[in-house]
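Below is one structure, written out as C-alpha cells; the observations come after it.
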Amino acid sequence: MIKSVSLPSKVQFIQFSWQHILLLASLYVMTLGVALCVRSNLGSSVISSIPMAFSIAGQQGLAPSLTIGGYTNIMNMILVVGQILVLRRRFEPVQLFQLLIGFVFGALIDVNMYITSSLVCDTLPVQMMVQFAGCTVMGVGIALEVRCGSITMPGEGFPVAISRVTGRQFPKVKIVVDVTLVALAISSCYYFWGAWQWNIIGIGTLFAMFYVGYIVKLLNPRMGWFDRLLGYRPGFRRYLYGLARYIHNRNQ
C-alpha cells in the first residue's frame with residue numbers, strides 16, 4: 001500500500017521563503033563588507049584573499065580571466081568537495097545546497113565590486129576608514145547569516161566537517177583553516193609576481209581575522225529583533241489582493 005506524502009503547508013512554504021529572503025539580504029550585507037575590504041587596498045578579507053590574487057593575476061594574463069566572484073565560486077566548490085572527502089558517508093546530501101549559497105555569494109561579491117567601483121582609496125586615512133567599515137559591515141552580515149539558520153556557507157562548512165571528524169573544537173579548526181587560506185594566498189602572490197602583494201594580504205587582512213569575529217560575538221546577544229523578524233509571517237496574499245484592488249480602482 002502506497003503511503004500518502006503530506007505536502008508542506010502554505011504557512012511552512014511562506015516561512016521558508018521569508019527565511020531565505022532574509023538570508024539573501026544577509027549575504028548582500030556580507031559581500032558589501034568584502035568589497036569594501038578589497039577596495040581599501042590594505043588587504044582583503046580571509047575568504048576573498050585567494051580569489052582576489054587569482055583575479056588580479058587574470059587581469060594581467062597570468063591566470064584565467066575571472067572576477068573575484070568567479071574565483072570565489074571555484075573555491076567554494078573545492079571546499080564542498082573537501083567536505084565530501086572528509087566526511088565520506090557522513091556527508092549529508094542536503095549540504096550540496098552550499099554550492100547554491102556559495103554561487104549567490106560569489107555573484108553578490110561581483111555586484112558589490114561594481115557598486116563600489118567609483119570608491120577611491122588613495123590616502124592611508126581613507127584606506128583605514130574603508131577597511132574598518134568593510135570589516136564592520138561584514139561582521140554584521142555574518143551575524144545575520146548565521147541567525148537565519150539555513151545551510152552554512154562552504155567557508156564554515158569545511159571546518160565544521162573537520163571538527164566532526166577530528167573531535168576538535170570548531171573555533172580552533174576555523175583558525176587553522178583561515179591561516180591556511182591566507183598562507184595559500186601568500187603562496188599565490190609569490191607564484192604570480194615573485195613578491196608579497198600587500199594590497200591582497202596586508203594589515204587589513206590581519207585586522208579582519210580578529211575584528212570581524214569580535215563584531216559577530218558582540219552582536220549575537222543583541223539579535224532578538226532579527227529573531228522576531230525571522231518569525232514574522234508576511235501576508236503575501238493580502239498584499240497581492242491589495243495591489244490588485246489598487247490597480248483596478250485606478251483604472252476605473
Side-chain angles (χ1 to χ4, degrees), residues 18-49 51-52 72 76 79 98 101-102 104-105 108-109 111-113 115-116 119 121 124-164 168-182 185 201-232:
W18 181 242
Q19 176 191 23
H20 286 81
I21 288 173
L22 293 179
L23 175 63
L24 181 62
S26 303
L27 292 178
Y28 178 83
V29 173
M30 192 190 314
T31 54
L32 176 59
V34 171
L36 288 173
C37 289
V38 171
R39 294 298 182 192
S40 74
N41 288 320
L42 288 179
S44 67
S45 62
V46 173
I47 197 64
S48 61
S49 56
M52 183 180 178
T72 298
N76 284 332
L79 290 173
Q98 290 183 38
I101 299 299
V104 173
F105 183 79
L108 288 176
I109 287 179
V111 168
N112 280 306
M113 287 297 294
I115 292 174
T116 59
L119 185 61
C121 300
L124 183 58
V126 173
Q127 290 177 308
M128 292 174 64
M129 286 190 294
V130 172
Q131 179 72 29
F132 180 81
C135 290
T136 303
V137 171
M138 185 163 43
V140 172
I142 292 174
L144 296 175
E145 180 256 331
V146 171
R147 211 72 174 191
C148 286
S150 185
I151 300 297
T152 59
M153 291 284 295
E156 279 72 48
F158 183 64
V160 166
I162 295 177
S163 178
R164 286 181 59 186
R168 296 183 179 275
Q169 295 180 350
F170 171 77
K172 294 181 179 180
V173 176
K174 175 66 173 171
I175 291 173
V176 173
V177 171
D178 286 349
V179 171
T180 302
L181 292 177
V182 171
I201 303 294
I203 188 64
T205 308
L206 182 62
F207 176 71
M209 290 178 67
F210 294 96
Y211 179 70
V212 172
Y214 169 76
I215 290 296
V216 175
K217 183 178 179 180
L218 184 68
L219 290 178
N220 272 338
R222 299 170 173 82
M223 297 293 290
W225 64 272
F226 192 71
D227 292 338
R228 291 189 292 272
L229 189 61
L230 274 171
Y232 172 65

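Every value quoted in this text rests on a predicted model; they were computed, and no experiment measured them.
Side-chain contact check for L108 versus L24: some heavy-atom pair is nearer than 4.5 Å. You'll find the side chain of C37 stays beyond 4.5 Å of the side chain of S48, heavy atoms only. Residues Q127 and R39 have side chains not in contact (no heavy-atom distance under 4.5 Å, counting atoms from C-beta outward). Residues L119 and L36 have side chains in contact (heavy-atom distance under 4.5 Å, counting atoms from C-beta outward). Residues L23 and I101 meet the side-chain proximity criterion, which asks for heavy atoms closer than 4.5 Å. Between Y28 and N112, some side-chain heavy-atom pair lies under the 4.5 Å cut-off. Using a 4.5 Å heavy-atom cutoff, the side chains of L32 and T116 are in contact. Counting only heavy atoms from C-beta outward, the side chains of T31 and V111 never approach each other to under 4.5 Å.
The stretch residues 128-138 participates, sequence neighbours left out, in these side-chain hydrogen bond (donor to acceptor under 3.5 Å, both in side chains) pairs: S40-Q131, T136-Y211. A salt bridge (Lys or Arg N to Asp or Glu O under 4.0 Å) check over residues 124-153, counting only residues at least two apart or in different chains, returns the pairs R147-D227.
There is no side-chain donor-acceptor pair under 3.5 Å between R168 and S163.
A pairwise comparison of heavy atoms in V212 and C135 identifies CG2-O, 3.7 Å as the closest pair. The two residues L79 and F158 make their nearest non-hydrogen contact at O-CD1, 3.8 Å. Nearest approach of V137 to V29, heavy atoms of both residues: CG1-O, 3.2 Å. Minimum heavy-atom separation, Q19 to C148: NE2-O, 2.6 Å.
If you take CD1 on I162 and NZ on K172, they are separated by 15.0 Å, rounding to the nearest 0.5 Å. Taking CG of L22 as the start and CG of L229 as the end, the distance is 5.0 Å to the nearest 0.5 Å. Here the OG-CE distance, from S49 to M209, works out to 9.5 Å after rounding to the nearest 0.5 Å. I203 CD1 to L42 CG: the interatomic distance, rounded to the nearest 0.5 Å, is 8.5 Å. With rounding to the nearest 0.5 angstrom, the CE atom of M128 is 12.5 Å from the SG atom of C121. Once rounded to the nearest 0.5 Å, the distance linking OG1 of T72 with CD1 of I47 reads 7.5 Å.
For N76, the side-chain hydrogen bond (donor to acceptor under 3.5 Å, both in side chains) test picks out no residue, with sequence neighbours left out.
Side-chain atoms of T205 come within 3.5 Å of backbone N or O of S44 as a donor-acceptor pair.
Within 6.0 Å of CE on M223 lie more than 12 heavy atoms contributed by other residues, nucleotides or ligands.
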*Determine, step by step, whether V160 and K174 satisfy the side chain to side chain contact (heavy atoms under 4.5 Å, CB included) criterion, reporting the C-alpha distance in whole Å, the side-chain angles of both residues, the deciding distance to 0.1 Å, and the verdict.*
CA-CA 8 Å; V160 166; K174 175 66 173 171; over 6 Å; no
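For the pairing with S26, the side chain to side chain contact (heavy atoms under 4.5 Å, CB included) check across V140, I21, L144 returns one residue only, L144.
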